[in-house]
Amino acid sequence: MNLDSLFDAIAAAHRAIRPQAPVTPLEHSPALSALTGCEVYLKCEHLQRTGSFKFRGASNKLRLLDPAARRGGVIAASTGNHGQAVALAGRLLGVPVTVYAPASAAAVKLDAIRALGAELKLVDGDALAAELAAGEAARRAGLPFVSPYNDLDVVAGQGTVGMELAEQCPELDAVFVSVGGGGLISGIGTALRRLAPNAEMVGCWPEAAATMHASLQAGRIVEVDEGDTLSDGTAGGVEPGAVTFELCQALIRHCALLSEADIRAALRLLAQTERWMTEGAAGVALAGLLQLAPRYQGKKVAVVLCGRNIVLDKFLGAVAA
């Protein structure tokens with residue numbers, strides 16, 4: 001994997017996807033800093049368009065399509081956030097979008113995908129089943145497949161988060177990122193490897209859904225039976241041959257595995273201290289900081305709040321538990 005070439009692609013995306021994908025704030029949190037003994041900054045990706053960093057990768061992928069591919073449309077797979085991102089990016093660029101999603105995905109997220117103009121196709125099984133079905137449909141139709149993570153153009157778009165972090169706080173010592181397929185942490189890590197090389201990438205997973213972590217431990221992509229988790233945005237297996245596997249191997253310095261109780265407590269803490277209603281994956285990243293805070297006493301750390309929670313009943317159940 002050529003990290004220098006990927007960095008160049010991230011830098012190009014950083015210039016190209018504005019103003020469609022705005023720069024999100026990096027907010028210092030006095031309350032979380034006092035609690036953890038670290039200087040805590042929160043990267044507010046829940047304020048990105050469609051409520052998630054996914055819009056960055058989708059925008060970058062679609063902008064790079066040639067005119068014929070744009071006219072023909074694209075196929076994507078998603079449990080919600082990626083589908084919304086591709087749908088909006090497609091609407092802005094005039095690209096027809098079809099999204100394959102697990103039938104079990106949150107109804108409010110599926111409704112949001114439809115509302116943004118995408119055609120939605122539901123698949124029995126988990127997120128990986130939807131990805132495989134979408135990939136096969138794209139191959140049969142001869143259309144581009146926009147993967148949530150297994151695409152270097154998408155990773156480059158997500159990496160613009162890292163470019164912004166380096167501009168907003170170049171002295172960061174660590175960045176905590178929740179990990180599903182690994183696209184976000186791969187992009188951020190590649191950008192910061194060049195621009196802020198002292199910043200350690202910390203991958204954070206729910207114990208119930210940690211396929212990439214298990215794969216990193218095994219040294220190869222493995223299948224894992226995942227359970228239910230509040231972090232539905234990071235749930236699902238890792239596609240065989242995923243480009244993000246080698247990137248995660250090269251870039252992740254430390255790992256944190258979090259229980260559902262840890263995630264629940266972190267979501268509640270964010271609501272109490274910052275008044276933000278974030279999705280479970282954001283709770284995973286903050287819970288990772290809470291677990292590893294002794295390692296970073298007095299140091300500057302960033303937590304990527306990767307999504308806005310639009311599943312109100314699930315969020316209220318988490319913070320009330």
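Excluded from the calculations below are hydrogen atoms, water molecules and symmetry mates; all remaining heavy atoms, backbone and side chain alike, are included. Not measured: the values here are computed from a predicted model. FYI, the numbering just counts along the sequence from 1.
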Would you say [X]'s side chain and [Y]'s backbone share a donor-acceptor pair under 3.5 angstrom?
| X | Y | answer |
| --- | --- | --- |
| T244 | G182 | no |
| Q168 | T24 | yes |
| E27 | Y41 | no |
| S29 | L32 | yes |
| T234 | S231 | yes |
| S5 | N2 | no |
| H82 | V146 | yes |
| D262 | S259 | yes |
| E226 | A235 | no |
| S33 | V40 | yes |

Between atom [atom1] of [X] and atom [atom2] of [Y], what is the distance when rounded to the nearest 0.5 Å?
| X | Y | atom1 | atom2 | value |
| --- | --- | --- | --- | --- |
| T229 | E260 | OG1 | CD | 3.5 Å |
| L116 | R91 | CG | CZ | 5.5 Å |
| I188 | F53 | CD1 | CZ | 8.0 Å |
| L305 | F176 | CG | CZ | 13.0 Å |
| T36 | Q291 | OG1 | CD | 14.0 Å |
| D153 | L64 | CG | CG | 5.0 Å |

[X], [atom1]: over 12 other non-hydrogen atoms inside 6.0 angstrom:
| X | atom1 | result |
| --- | --- | --- |
| D124 | CG | no |
| E136 | CD | yes |
| D228 | CG | no |

State, to 0.1 Å, how close [X] and [Y] come at their nearest heavy-atom pair, and which atoms those are.
| X | Y | value |
| --- | --- | --- |
| C169 | L26 | CB-CD2, 3.6 Å |
| A166 | L195 | CB-CB, 3.6 Å |
| A118 | V99 | CB-CG2, 4.1 Å |
| R220 | F245 | N-CZ, 3.4 Å |
| I185 | C248 | CG2-SG, 3.9 Å |
| L292 | A256 | CD1-CB, 4.2 Å |

Answer yes when [X] and [Y] have at least one side-chain N-carboxylate O distance shorter than 4.0 Å, and no when they do not.
| X | Y | result |
| --- | --- | --- |
| D173 | K299 | no |
| R18 | E164 | yes |
| D4 | R194 | yes |
| E279 | K109 | yes |
| E39 | K300 | no |

Side-chain contact test, heavy atoms from C-beta onward, threshold under 4.5 Å: evaluate it for P96 versus V74 and give yes or no.
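The answer is no, as the side chains (C-beta and beyond) never meet within the 4.5 Å cut-off.
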
Of the options K61, R71, R70, which is the one that meets V95 in a side chain to side chain contact (heavy atoms under 4.5 Å, CB included)?
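The side chain to side chain contact (heavy atoms under 4.5 Å, CB included) with V95 is passed solely by R70 among K61, R71, R70.
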
Test V243 against every option in L6, L152, D151 by the side chain to side chain contact (heavy atoms under 4.5 Å, CB included) rule and name the one that passes.
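Considering L6, L152, D151, a side chain to side chain contact (heavy atoms under 4.5 Å, CB included) with V243 is found only for L152.
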
For salt bridge (Lys or Arg N to Asp or Glu O under 4.0 Å), just list the numbers for E200 and R295, CA-CA rounded to whole Å, side-chain angles, deciding distance to a tenth of an Å, and then say yes or no.
CA-CA 11 Å; E200 298 180 349; R295 183 188 296 272; 5.7 Å; no

